[in-house]
Amino acid sequence: QVQLVESGGGLVQAGGSLRLSCAASGSIFSINAMAWYRQAPGKQRESVAIVSGGGSTNYADSVKGRFTISRDTAKNTVFLQMNSLKPEDTAVYYCNFILRATMQGSIRSYWGQGTQVTVSS
């Protein structure tokens, strides 16, 4: 059973920074991608940043130049460094891993529990 545990959310003033972490535990054979999503009140969940198994990254236009996704493959952990935060970044942030739990198993998607990020103006 794979579990993702997030940490690092909180309340910050506009212009400030936060760093989110998401660690995966359990049976993990290989990880295809790690990503961060967010969902603001009344809005659909949207992709924020993704890092592939090969290390390439991609960002939503709204966060380019401000957010950085990184990973520690040895610890099955992904990070999201968020700088120059804006009130419109306020949302619940979710991590997502696309992985294979066993060599014979199928590739599945796993989600963290979500962490609240609130940016005050």
Side-chain angles (χ1 to χ4, degrees):
Q1 183 75 7
V2 176
Q3 289 187 322
L4 305 185
V5 178
E6 302 180 29
S7 60
L11 173 64
V12 64
Q13 288 188 332
S17 298
L18 283 174
R19 187 182 192 226
L20 305 182
S21 301
C22 176
S25 62
S27 174
I28 297 174
F29 175 75
S30 62
I31 298 176
N32 289 42
M34 304 173 178
W36 289 95
Y37 288 74
R38 67 186 181 187
Q39 187 166 18
K43 295 187 177 181
Q44 289 188 330
R45 190 173 297 189
E46 63 175 358
S47 175
V48 175
I50 186 168
V51 55
S52 72
S56 59
T57 59
N58 198 21
Y59 296 90
D61 288 342
S62 59
V63 307
K64 280 181 182 176
R66 301 188 298 122
F67 289 12
T68 302
I69 189 170
S70 62
R71 62 182 182 169
D72 183 336
T73 55
K75 296 182 179 180
N76 294 327
T77 300
V78 65
F79 306 96
L80 186 68
Q81 177 66 44
M82 305 184 292
N83 299 328
S84 303
L85 282 160
K86 305 175 181 179
E88 50 264 44
D89 294 319
T90 295
V92 177
Y93 284 70
Y94 299 90
C95 61
N96 173 255
F97 281 36
I98 308 297
L99 61 84
R100 195 188 300 270
T102 63
M103 186 170 63
Q104 299 85 4
S106 58
I107 297 172
R108 292 182 58 190
S109 175
Y110 295 84
W111 291 90
Q113 80 280 8
T115 185
Q116 177 70 45
V117 171
T118 302
V119 184
S120 63
S121 57

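Keep in mind the model is a prediction, meaning the values are calculated, not measured.
Panel note: side chain Thr115, backbone Gly9; a donor-acceptor pair is recorded below 3.5 Å. Judged by distance alone, the side chain of Asn96 and the main-chain N or O of Tyr110 form a donor-acceptor pair under 3.5 Å. Side-chain N or O atoms of Glu6 include none that pairs as donor or acceptor with a backbone N or O of Cys22 at under 3.5 Å.
If you take CD1 on Ile50 and OG on Ser52, they are separated by 7.5 Å, rounding to the nearest 0.5 Å. The CZ atom of Arg45 sits 4.5 Å away from atom OH of Tyr94, with the distance rounded to the nearest 0.5 Å. Note: Phe67 CZ to Leu20 CG = 8.5 Å, rounded to the nearest 0.5 Å.
Asn58 places none of its side-chain heavy atoms less than 4.5 Å from the side chain of Ile69. Within the 4.5 Å cutoff, the side chain of Val48 has no heavy atoms near those of the Tyr59 side chain. In this structure the side chain of Phe29 never reaches within 4.5 angstrom of the side chain of Gln104, judged on heavy atoms. Between Met34 and Thr77, the closest side-chain pair of non-hydrogen atoms is not below 4.5 Å.
When the side chain to side chain donor-acceptor pair (under 3.5 Å) test is applied to Asp89, the partners found at least two apart in sequence or on another chain are Arg38, Arg66. Residues satisfying the salt bridge (Lys or Arg N to Asp or Glu O under 4.0 Å) criterion with Lys64, sequence neighbours excluded, are Asp61. With sequence neighbours excluded, no residue forms a salt bridge (Lys or Arg N to Asp or Glu O under 4.0 Å) with Glu88. Listed by chain and number, the residues in a side-chain contact (heavy atoms from CB on, under 4.5 Å) with Val12 are Leu18, Leu85, Val119 (sequence neighbours excluded).
For the pair Ala60 and Ser47, the tightest heavy-atom approach, listed with the atom from each and the gap, is CB-O, 3.5 Å. Summarising the geometry of Cys95 relative to Val78, their closest heavy-atom pair is CB-CG1, 4.5 Å, with the distance given to 0.1 Å. Nearest heavy atom pair, residue Ile98 against residue Ile107, reads CG2-CG2, 3.4 Å. Minimum interatomic distance between Gln113 and Val5 (heavy atoms only, all atoms of both residues): OE1-CA, 3.8 Å. When all heavy atoms of Ala14 and Pro87 are compared, the pair lying nearest together is CB-CD, 4.1 Å.
Hydrophobic clustering (side-chain heavy atoms under 4.5 Å, transitive across Ile, Leu, Val, Met, Phe, Trp, Tyr) keeps Phe79 apart from Leu99. Leu80 and Phe97 fall within the same hydrophobic cluster, defined by Ile, Leu, Val, Met, Phe, Trp and Tyr side-chain heavy atoms under 4.5 Å apart, directly or through other members.
Sequence neighbours left out, not one pair with a member in residues 69-79 passes salt bridge (Lys or Arg N to Asp or Glu O under 4.0 Å). Residue pairs meeting the side chain to side chain donor-acceptor pair (under 3.5 Å) criterion with at least one partner in residues 17-31, sequence neighbours excluded, are Ser17-Asn83.
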CA sep, side-chain torsions, deciding dist, call: Ile28, Val2, side chain to side chain contact (heavy atoms under 4.5 Å, CB included): CA-CA 7 Å; Ile28 297 174; Val2 176; 4.2 Å; yes
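Ring-centre distance between Trp111 and Tyr37: below the 6.0 Å cut-off.
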